[in-house]
Amino acid sequence: MDKFENKKRAVKNATIVLVGLMGSGKSSVARSLAFRLHLDAIDTDALVESAAGMSIPEIFAGAGESEFRRLESEQLKAALNGSGVIATGGGIVTQSENRALLQDARAKGVLIVYLRASAAELAQRIRLQPGKRPLIDGEKILNLEQTQKRVEELLAQRAPLYESVASVVIDTGSLTPADVADQIAQLYSTKISQL
Ligand code: S3P
């Protein structure tokens, strides 16, 4: 197969995975990036909800976190078998099975982007959608300070895990989802041009 065919195939079958904590903008960036690259936007949370026929808070309340994690691993595996821009749930990296899947995908050339943000920024964004994240405000709606403290705990546990699966880290800071999508699209086109 010639070089041009290789590139065409790589672009058509592209898979890009976004990881990071809740509130890091994965779903919005995935939609924006997928639009730019003419790919499907895939969201593992949405896939889990449609497979279960329930919202995430309902799954956590009814079947528990372990059932949610089981469904999430199934959907990640299925998504990695296809193509598109995949926004993952913030806890995807807590399961060693998922980390192995992501590291394997990265070794095969899948671009895995860790969207990094500070606990203060994440807490502010999470507070815009109260009650949506059982691991933050499953028991009761937290104020900004309590939310930030919880995010700091999760970030301390998970930052090394996001780093262990990522090909690249983007500091989202005050960037909009469209800005982040632009940065990833540029990284991606550099990668394709090297094929
Ligand atoms: C979770 C993050 C959520 C969702 C679930 C658990 C987590 O996804 O998967 O509530 O463990 O951090 P988002 O990161 O899309 O909010």
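Counting convention: from 1, in listed order, for ligands and their atoms alike.
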Mind checking whether [X] has an N or O less than 3.5 Å away from an N or O of ligand 1?
| X | value |
| --- | --- |
| R133 | yes |
| K132 | no |
| P134 | no |
| T88 | no |
| F68 | no |

Residues passing the side chain to side chain donor-acceptor pair (under 3.5 Å) test with R133, sequence neighbours excluded, are Q129
Take every heavy atom of E65, measure it against each atom of ligand 1, and state whether any distance is under 4.0 Å.
-> no
Sort and list the pairs that fulfil ring-ring contact (aromatic ring centres under 6.0 Å, His included) and have at least one residue in residues 59-80, not counting sequence neighbours.
-> F60-F68
Nearest-neighbour protein heavy atom for [atom], which is reported as residue plus atom name and distance:
| atom | value |
| --- | --- |
| atom 15 (O) of ligand 1 | D45 OD2, 2.8 Å |
| atom 6 (C) of ligand 1 | R69 NH2, 4.0 Å |
| atom 1 (C) of ligand 1 | G91 N, 3.9 Å |
| atom 14 (O) of ligand 1 | K26 NZ, 2.5 Å |

Dump the intermediate steps for salt bridge (Lys or Arg N to Asp or Glu O under 4.0 Å) on K132 and D137, then the final yes or no.
-> CA-CA 8 Å; K132 206 186 140 220; D137 45 19; over 6 Å; no
Check the hydrophobic clustering (I, L, V, M, F, W, Y; side-chain heavy atoms under 4.5 Å; chains of links allowed) and say if Y114 and I86 are grouped together.
-> yes
Do NZ/NE/NH1/NH2 and the carboxylate oxygens of [X] and [Y] come within less than 4.0 Å?
| X | Y | value |
| --- | --- | --- |
| R69 | E65 | yes |
| K77 | E74 | no |
| K149 | E152 | no |

Give the numbers and elements of all ligand 1 atoms closer than 4.0 Å to a heavy atom of L135.
-> 7 (C), 11 (O)
With heavy atoms of I56 as the reference, note each atom of ligand 1 found under 4.0 Å away.
-> 5 (C), 10 (O)
Indicate yes or no: at least one non-hydrogen side-chain atom of L115 is less than 4.5 angstrom from one of V19.
-> no
Please report the C-alpha distance between S32 and R36 in whole Å, then the side-chain angles of each, then the deciding distance to 0.1 Å, and finally whether the side chain to side chain donor-acceptor pair (under 3.5 Å) criterion is met.
-> CA-CA 6 Å; S32 181; R36 277 172 180 63; 2.8 Å; yes
Ligand 1-proximal atoms of R158, by part, heavy-atom distance under 4.0 Å = side chain
Ligand 1-proximal atoms of Q129, by part, heavy-atom distance under 4.0 Å | neither
